[in-house]
Undergrad: 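One structure is given below, represented as structure tokens, and several questions about it will come after.
Each ligand, and each atom within it, is numbered from 1 in the order the structure gives. Residue indices begin at 1 and follow the sequence shown. The shown structure was predicted, so the numbers you read here are calculated from the model rather than taken from an experiment.
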Amino acid sequence: MNRRNFLITGSTALAGIFLATNPLRIYADHHEHGDHTHGYELPKLRYAYDALEPHIDKRTMEIHYGKHHQGYVNKLNAAVGDDHALVDHSIEDLLRNIEKVPRKIRQAVINSGGGHANHTLFWSTMIPSGRELKGKVAEAMQSSFGSLDAAKEKFASTAKTHFGSGWAWLVVDEKKKLQIYATKNQDSPLMQGHTPILGLDVWEHAYYLKYQNRRGDYIDAWSNIVNWTQVNLNYVTATKA
Ligand code: MN3
């Protein structure tokens with residue numbers, strides 16, 4: 001079998017094995033199902049670059065969103081090319097079925113596709129001045145971690161103590177239970193069957209311009225701009241699916 005045939009055969013098989021539909025809406029705003037022309041796209045920001053000041057500065061937002069995230073989208077599109085068996089699926093589907101992505105481009109999808117999904121969630125779970133933590137996700141956090149303060153503290157310490165580049169996550173696992181943990185690089189919880197409902201980027205590019213080596217200060221500041229209304233919506237969606 002020559003290489004071209006292998007790729008076509010592999011992709012056709014992939015299309016049949018993938019989840020038929022994407023039940024979640026967390027990532028749905030950046031990829032139109034069945035759109036054959038655009039590939040993956042940078043999602044629109046719901047606020048201005050300077051709207052998260054003073055916690056996250058305008059320049060960091062410009063570079064982080066406009067350069068870093070755009071870079072992940074560009075590299076993801078370059079990796080999947082015009083292979084409709086791949087690009088017709090949401091990035092969530094690709095990551096949930098990562099072992100079925102052709103080996104040749106799998107690591108590129110993990111890195112750049114993960115980067116795309118992770119940042120898409122990140123932007124959507126921040127909002128100027130933050131939102132109150134309440135609702136179903138608050139109830140679940142209380143029962144899973146003892147109290148809301150204990151849950152927040154576990155999340156913050158997970159983010160602060162993660163070594164090197166990566167993310168801290170609040171996820172809904174395969175048993176619909178909450179977990180808090182970190183992943184390295186752009187590895188997505190979706191690859192282990194978990195649904196991230198809140199993520200915090202602890203790569204230096206997320207904070208270095210304003211905070212330099214003070215990751216802890218960045219994490220404490222970020223806690224003021226969490227959109228818990230969106231996180232609650234993500235929780236409700238993930239536990240229904
Ligand atoms: Mn980043």
Undergrad: Among the protein atoms near the Mn ion (ligand 1), how many are N, O or S and lie under 2.8 Å away?
TA: 4
Undergrad: Identify, with sequence neighbours excluded, every residue that meets side chain to side chain contact (heavy atoms under 4.5 Å, CB included) alongside Ser147.
TA: Asp149, Ala150
Undergrad: Hey, are Gln179 and Asp173 close enough side-chain-wise for a donor-acceptor pair under 3.5 Å?
TA: yes
Undergrad: Could I get the full list of ring pair (Phe, Tyr, Trp, His ring centres under 6.0 Å) partners for His194, not counting sequence neighbours?
TA: Tyr181
Undergrad: Please set out all donor-acceptor pairs under 3.5 angstrom arising from side-chain atoms of residues 59-66, sequence neighbours excluded.
TA:
residue: Arg59; atom: NH1; partner: Glu62; partner atom: OE1; Å: 3.1
residue: Thr60; atom: OG1; partner: Asp57; partner atom: OD1; Å: 2.7
residue: Thr60; atom: OG1; partner: Asp57; partner atom: OD2; Å: 3.0
residue: His64; atom: NE2; partner: His119; partner atom: NE2; Å: 3.1
residue: His64; atom: NE2; partner: Asp201; partner atom: OD2; Å: 2.8
residue: His64; atom: NE2; partner: His205; partner atom: NE2; Å: 3.0
residue: Tyr65; atom: OH; partner: Pro43; partner atom: O; Å: 2.6

Undergrad: Could you tell me whether the side chains of Thr161 and Arg215 share a donor-acceptor contact shorter than 3.5 Å?
TA: no
Undergrad: Would a 4.5 Å heavy-atom cut-off, applied to side chains only, mark Tyr40 and Leu94 as touching?
TA: yes
